[in-house]
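Please read the structure below before turning to the comments.
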Amino acid sequence: MIKIEHLDKWFDDRQILFDINTEFKPGVANLVIGASGSGKSVLIKCMVGLLEPTNGKILYGDQDFISLEYQHKQNLRREIGMLFQNNALFDSLTVEENIDFPLRMFSKMSPEERKERVNFCLEKVQLTNANKKYPAEISGGMKKRVGIARAIALEIKYLFCDEPNSGLDPLTSRVIDQLLVDITKEFNITTIINSHDMKTVMDIGEHIIFIYKGQNWWEGSKNEITEGRKSNKELNEFFLASF
Amino acid sequence: MNLISEIGRFIIFMKFVLHRPEKAKVFWKITFREMYLIGIDSVLIVILIATFTGAVTTIQTANQLLSPSDLFPTQLMPKFVIGAVVGTSSLLELAPTVTCLVLAGKIGANIASEIGNMKVSEQIDAYEVMGINSASFVTLPKIVAGLIMIPCLIIIANFLLIYGGVLACKATTSLTADDLIQGARLVFKPLYLKVMLTKSFIFAFLITSLSSFQGYYTTGGALEVGIAGTKAVTKICIFILFFDLIIAQLFLKS
Ligand SMILES: Nc1ncnc2c1ncn2[C@@H]1O[C@H](COP(=O)(O)OP(=O)(O)OP(=O)(O)O)[C@@H](O)[C@H]1O
Ligand SMILES: [Mg+2]
């Protein structure tokens with residue numbers, strides 16, 4: 001479980017995030033939605049430690065990530081997987097080596113065990129016949145799959161996905177969404193997905209937070225949206241604009 | 001002011017870079033690959049530059065010292081002086097400085113755009129999220145590889161500069177290869193070797209570290225990656241020339 005308390009983020013004299021408070025539970029697809037520029041990526045980057053929040057706490061279990069000492073932070077990071085908006089695959093490594101990379105760096109597995117784990121992850125993301133290819137040689141959808149496989153290579157507890165559907169066709173988007181949900185449930189991971197794809201929201205949104213101009217404007221589930229409960233003007237506008 | 005803050009940032013960057021590698025095995029594997037890219041891939045250009053520069057320097061020096069002038073009767077000029085001039089300037093300046101200025105363009109631009117690309121495509125972030133010290137992971141192998149390979153290239157360049165001179169002697173009648181080599185030997189001092197090696201290591205460090213630094217702080221996209229490459233080369237050249245002067249002052253001031 002991850003809990004965010006009173007999170008503010010400033011860039012120089014511009015405030016991007018305003019007093020964000022929320023909680024993300026394991027085993028559910030947590031979605032962070034909002035318009036372009038609303039601060040979704042900044043929020044995720046603060047949570048994984050790529051950006052330093054100006055104020056507030058980010059609690060993984062009961063440890064505050066921000067005030068952890070360097071080595072503890074590094075240890076916690078091994079429980080975090082992340083899927084980047086542009087995949088961020090290592091382009092000098094093959095698909096197989098990309099997934100093997102975190103294992104080689106951080107696990108005590110033998111080469112055979114690692115190979116087995118890599119194949120297990122590739123199976124999970126349903127990617128075959130691409131082991132020896134380089135990232136430049138595979139399609140966008142395949143890159144996402146490799147990205148997910150690499151993120152789950154170590155036995156992670158937390159998975160962050162920044163726009164997992166960007167640049168994918170609608171059909172592939174649904175498949176990737178479903179994949180993320182399946183992995184979340186199977187391994188009881190705390191998964192946080194940034195998205196502005198309304199289809200994703202309606203498909204898998206069990207817990208949704210709507211960021212509007214850097215604030216946690218609305219929080220609920222997809223059912224609350226469809227049934228019109230807890231309706232909200234800005235959320236409705238955002239919603240309607242996507243159709 | 002800008003320069004001072006830039007130097008400050010560079011020092012902070014180096015503090016991150018100079019860390020014990022996470023996994024020695026992975027580190028050396030990457031370092032060997034870098035040694036190949038930095039060293040072996042640059043051999044050809046070093047051979048070309050050194051041989052031609054050696055030949056041209058010999059021809060020009062011979063021409064300057066042996067052509068008739070009112071100041072000094074040419075028949076009194078011993079031929080080995082040419083060898084002495086060519087030998088010393090090769091050792092002190094041509095081999096380390098000229099070679100490194102060329103390598104700044106080749107290796108420096110390459111490293112800056114490679115790391116710049118990793119930065120803008122979020123690969124650097126991916127290392128960080130995994131809990132890897134990204135600055136050290138991507139930069140240290142390049143610096144170590146540079147410190148090993150660039151001095152080797154410079155030593156090769158040294159021999160080839162003289163070899164170029166010998167080739168030039170064979171093409172002329174006014175000077176023999178023996179004159180050249182005898183002259184070069186006559187004035188050789190261990191101090192010159194020390195200067196050359198000092199320059200080699202400092203320039204190797206400048207080329208690899210400054211280009212990594214420039215690449216690591218790239219923001220934006222493909223355009224900025226290109227700019228990072230160009231900026232890195234400019235900075236490296238300026239710093240090489242600056243340190244060239246400092247080292248000359250320190251070791252050779254008479
Ligand atoms: N490193 C940074 N320095 C300064 N400002 C930044 C930085 N990163 C993001 N911002 C600003 O923060 C705001 C929010 O950006 P963010 O990337 O979080 O948007 P987003 O919600 O993820 O949008 P998108 O859906 O397009 O990805 C933007 O106005 C952006 O200009
Ligand atoms: Mg974003």
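First the proteins, then the strands, lettered A, B, ... as listed; each starts at 1.
Heavy atoms closer than 4.5 Å to chain A are found in both the backbone and the side chain of B:V129. There is no contact between A:E79 and chain B, counting heavy-atom distances below 4.5 Å. Within the 4.5 angstrom heavy-atom criterion, atoms from both the backbone and the side chain of B:I132 approach chain A. In this structure, the portion of B:F137 lying under 4.5 Å from any heavy atom of chain A is its side chain and not its backbone.
Among residues 68-78 of chain A, the residues having any heavy atom closer than 4.5 Å to a heavy atom of chain B are, in sequence order, A:Y70, A:Q74, A:R77, A:R78. Close approach to chain B, defined as a heavy atom under 4.5 Å from one of its heavy atoms, is seen in A:F101, A:P102, A:R104, A:M105, A:F106, A:S107 of residues 99-109 of chain A, taken by number.
Considering all non-hydrogen atoms of both residues, A:L50 and B:E128 come closest at CD2-CB, 3.7 Å.
Under a cut-off of 6.0 angstrom, the local environment of NZ in B:K231 is sparse, with at most 12 non-hydrogen atoms contributed by other residues, nucleotides or ligands. No more than 12 heavy atoms of other residues, nucleotides or ligands shown are found within 6.0 angstrom of OH on B:Y163. More than 12 non-hydrogen atoms from other residues, nucleotides or ligands lie less than 6.0 angstrom from NZ of A:K185.
Put simply, OG on A:S92 and CZ on B:R33 are 5.0 Å apart, with the number rounded to the nearest 0.5 Å.
Options A:L89, A:V48, A:D91 differ in how many heavy-atom pairs under 4.5 Å they form with chain B, and the most are formed by A:D91.
Qualifying ring pair (Phe, Tyr, Trp, His ring centres under 6.0 Å) partners for B:F13, counting only residues two or more places apart in sequence or in other chains: B:F213, B:Y216, B:Y217. Remark: A:S173 pairs with no residue by the side chain to side chain donor-acceptor pair (under 3.5 Å) rule, at least two apart or across chains.
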Next item on the list: Let me see the working for B:E122 and A:M82 under side chain to side chain contact (heavy atoms under 4.5 Å, CB included), right down to the final yes or no.
Entry: CA-CA 11 Å; B:E122 298 177 311; A:M82 180 154 178; over 6 Å; no

